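Taking it in order: structure first as structure tokens, then the write-up.
In what follows, every heavy atom counts, from backbone to side chain, and hydrogens, waters and symmetry copies are set aside. Worth saying up front: this structure is predicted, and the values here are computed from it rather than measured.
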Amino acid sequence: TPVRPATLPEASHRFWDRENTFLFATSAAFNTADFVVTRDNLRGGGKELNPVTRVFSGSTTELAVNFAGETAGVVALSYFFHKTGHHKLERFTSMLNIGSSAAAVTFDLAHR
């Protein structure tokens, strides 16, 4: 009798498939919302709580670069996971970013 592998590898897919396109667009939208709300809070005398983002909170341009870089980083890390065959991590990267950005926007809106 033939021996079967214990687990079957995940089916491969194109990187820019419908699901990733949706996830990346959603991630970019939430990062944009996070940028807008953060910028408005900083202009109103608020303080950036994220120590990484705080480094870039000196000007609107720096803040925009931070959130654009975050979006690009999500796509790059997802691509790395895609190329190395870790397709669940590929999707999870965007989902994690969407969740954290949504939480940040919610927190910022609640503390205006």
Quick check: do [X] and [Y] have side-chain heavy atoms less than 4.5 Å from each other?
X: W16; Y: V75; result: yes
X: E48; Y: F56; result: no
X: L63; Y: T60; result: no
X: N31; Y: S27; result: yes
X: N20; Y: F15; result: yes
X: R112; Y: L109; result: yes

To the nearest 0.5 Å, tell me how far [X] [atom1] sits from [Y] [atom2].
X: T71; Y: N97; atom1: OG1; atom2: CG; answer: 6.5 Å
X: R91; Y: H86; atom1: CZ; atom2: NE2; answer: 15.0 Å
X: M95; Y: K88; atom1: CE; atom2: NZ; answer: 11.0 Å
X: T93; Y: H82; atom1: OG1; atom2: NE2; answer: 13.0 Å
X: H87; Y: E19; atom1: NE2; atom2: CD; answer: 12.0 Å
X: F107; Y: T38; atom1: CZ; atom2: OG1; answer: 10.5 Å

Say whether [X] and [Y] are linked into one hydrophobic cluster, either directly or through other cluster members, by side-chain heavy-atom distances under 4.5 angstrom.
X: L89; Y: L77; value: yes
X: F67; Y: V105; value: no
X: V36; Y: F30; value: no

Keeping [X] on the side-chain end and [Y] on the backbone end, is there a donor-acceptor pair under 3.5 Å?
X: T53; Y: L49; value: no
X: S101; Y: I98; value: no
X: T26; Y: F22; value: yes

Would you please test D108 and D34 for side-chain contact (heavy atoms from CB on, under 4.5 Å) and show each step? CA-CA 8 Å; D108 285 349; D34 195 3; 3.8 Å; yes

Heavy-atom count around F24 CZ within 6.0 Å, excluding the residue itself: above 12?
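It does: F24 CZ has more than 12 such atoms within range.
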
